[in-house]
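Bear in mind the structure is a predicted one, so any value in this text is a computation, not a measurement. Order of appearance sets the numbers: ligands from 1, and atoms from 1 within every ligand.
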Amino acid sequence: MEDAFKAKAAALVDDLVEKGAFDAIRDLAEVFPLTVFPDALGIDNEGRENFLTYGAMVFAGMGPENDYFRSLMAHAPKVLPWVAAKCLRQALAPGSFGAQVYEAADTGEITEEEAPLLVRSFLSAGLDTTISAIGMALYSLARHPQQWAILAANPSLARAAFDETLRYDTAAPYVFRTTPHETEVAGVPIGKNEKVLLLIASANRDDARWERADQFDITRRVAGHIGFGTGIHGCVGQMVARLEGEAVLAALAERVASIEIAGEPLYRDSSGLRALSSLPVRVVTQ
Ligand code: HEM
């Protein structure tokens with residue numbers, strides 16, 4: 001996927017840099033994954049903006065059933081069947097990794113019924129997360145001009161910069177678990193069938209683990225952050241996500257000497273994701 005991702009990032013960033021000013025979320029963070037990721041999965045172009053509504057629904061569902069959640073769920077009767085249809089065998093391009101999931105069904109590794117659900121899990125977990133993470137990376141870098149200067153001088157740090165954002169301002173700040181039996185964590189007893197909120201964002205800024213935990217530093221040894229979760233449910237798509245983040249940040253770093261925030265950044269209403277809906281920026285070319 002690397003060549004396709006890099007080519008798309010270069011073309012997109014070329015256009016934006018020529019404009020000089022753009023919205024780093026609406027024009028870049030949302031546009032890039034929405035192009036390359038469904039392409040890699042093997043999904044056609046029709047109606048792709050529905051994926052933004054679908055992603056918002058999935059992550060709003062991690063929180064309370066508030067007005068925001070209900071307003072999104074109003075789209076469910078239209079969007080859910082649309083997404084399900086895109087995950088069917090006949091809808092996926094040959095050679096895509098969606099098609100490879102169905103090949104696993106053909107060899108008996110998974111069942112035929114599991115195949116569309118697995119393809120859908122990539123869409124639920126793999127699009128809005130990446131959009132949010134690329135957005136937060138651009139925001140972190142725009143807020144730290146010295147870090148941008150380091151990246152612009154050495155674009156090969158793009159992957160490390162993306163990972164440092166997943167530590168410093170992580171896109172998926174928490175996950176839940178349910179206790180199957182009574183247990184104890186750090187001396188705190190927890191009963192059976194309790195919901196436990198695990199704060200990834202807090203662990204990623206733990207002073208006991210990280211030096212200068214609250215400092216954004218793209219040159220630090222960032223391995224060991226848990227922005228992609230950990231253990232058996234650790235993110236299955238993290239290499240794809242890193243490839244996307246790296247492609248965008250490297251394309252920008254190769255062309256842009258400085259990036260500055262040109263308007264008020266807006267946070268998205270989302271219970272499950274830490275993400276912006278708008279980040280107006282101005283860039284100066286190398
Ligand atoms: C920067 C972008 C991403 C972030 C921050 C992220 C974050 C995470 C986190 C924190 C988990 C653990 C959930 C838990 O423990 O309950 C997870 C799991 C998962 N991710 Fe990602 N993810 C990203 C991109 C992707 C992509 C691109 C894909 C698909 C190609 C993907 C597919 C999945 C799947 C299927 C799981 C569930 C794994 C399991 O339960 O066994 N993610 N992700």
Side-chain angles (χ1 to χ4, degrees), residues 1-2 4-5 8-9 25 28-30 32-43 51-52 54-55 58-59 61-63 83 86-87 92 96-101 104 110 114-141 158-180 195-205 222 224-249 268 270-276:
M1 291 170 215
E2 190 174 348
F5 284 18
K8 180 67 202 175
I25 307 300
L28 183 54
E30 287 180 357
F32 181 74
L34 205 52
T35 313
V36 296
F37 190 63
D39 276 358
L41 258 178
I43 293 172
F51 285 131
L52 293 178
Y54 177 64
V58 170
F59 286 96
M62 286 176 74
V83 171
K86 297 288 177 192
C87 297
L92 298 164
S96 62
F97 76 85
Q100 287 175 24
V101 172
I110 56 170
E114 281 167 340
L117 300 178
L118 275 172
V119 174
R120 197 185 62 185
S121 77
F122 291 154
L123 285 168
S124 326
L127 199 49
D128 231 15
T129 44
T130 321
I131 289 172
S132 306
I134 291 174
M136 293 317 283
L138 296 170
Y139 189 33
S140 297
L141 287 161
R159 181 170 288 223
F162 189 61
D163 262 293
E164 171 64 350
T165 314
L166 285 163
R167 183 197 71 81
Y168 173 78
D169 215 352
T170 201
Y174 63 84
V175 291
F176 288 105
R177 291 293 185 269
T178 308
T179 50
K195 274 282 177 208
V196 182
L197 175 78
L198 303 159
L199 282 165
I200 289 177
S202 176
N204 280 347
R205 295 250 197 140
V222 70
H225 76 76
I226 57 165
F228 286 116
T230 183
I232 55 166
H233 289 291
C235 181
V236 75
Q238 55 188 281
M239 302 314 281
V240 178
R242 285 196 172 99
L243 202 56
E244 288 186 44
E246 181 182 12
V248 171
L249 296 185
R268 242 166 78 170
S270 177
S271 300
L273 289 175
R274 183 163 167 76
L276 295 176

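Surrounding CZ of Arg120 are at most 12 heavy atoms belonging to other residues, nucleotides or ligands under 6.0 Å away.
Taking the six-membered ring for Trp and thresholds of 30 and 60 degrees, His225 and Phe228 have ring planes inclined between 30 and 60 degrees apart.
Taking CD from Glu2 and CD from Glu246, the interatomic distance works out to 6.5 Å, rounded to the nearest 0.5 Å. One distance of note links SG of Cys87 with CG of Leu41; it measures 8.0 Å at 0.5 Å rounding.
In terms of heavy-atom proximity, Phe5 sits nearest to Ala247 at O-CB, 4.0 Å. Contact record, Ile43 with Leu123: CD1-CD1, 3.8 Å, taken as the closest heavy-atom pair.
Of all the atoms in ligand 1, the ones that sit under 4.0 Å from a non-hydrogen atom of Ala133 are 1 (C). For ligand 1, the atoms closer than 4.0 angstrom to any heavy atom of Gly227 are 5 (C), 7 (C), 10 (C). Proximity to Ile200 (heavy-atom distance under 4.0 Å) selects the following atoms of ligand 1: 10 (C). Per-residue contacts place Phe37 under 4.0 angstrom from the following atoms of ligand 1 (heavy atoms of the residue considered): 29 (C), 30 (C).
The distance between the ring centers of Phe97 and Phe122 falls below 6.0 angstrom.
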Arg159 vs Leu249, side-chain contact (heavy atoms from CB on, under 4.5 Å): CA-CA, chis, key distance, verdict: CA-CA 8 Å; Arg159 181 170 288 223; Leu249 296 185; over 6 Å; no
Asp128 vs Tyr54, side-chain contact (heavy atoms from CB on, under 4.5 Å): CA-CA, chis, key distance, verdict: CA-CA 9 Å; Asp128 231 15; Tyr54 177 64; over 6 Å; no
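Proximity of Phe176 to ligand 1, defined as any heavy-atom pair under 4.0 Å, is not found for any part of the residue. Of the heavy atoms in Leu127, none comes closer than 4.0 Å to ligand 1.
The shortest contact between atom 13 (C) of ligand 1 and any protein heavy atom is with Val175 CG1, 3.6 Å. Among all non-hydrogen protein atoms, the one lying nearest atom 39 (C) of ligand 1 is His233 ND1, 3.2 Å.
Considering backbone and side-chain atoms together, Arg177 places an N or O closer than 3.5 Å to an N or O of ligand 1.
Counting only protein N, O or S atoms, the number found under 2.8 Å from atom 21 (Fe) of ligand 1 is 1.
Judged by distance alone, the side chain of Asp169 and the main-chain N or O of Ala137 form no donor-acceptor pair under 3.5 Å.
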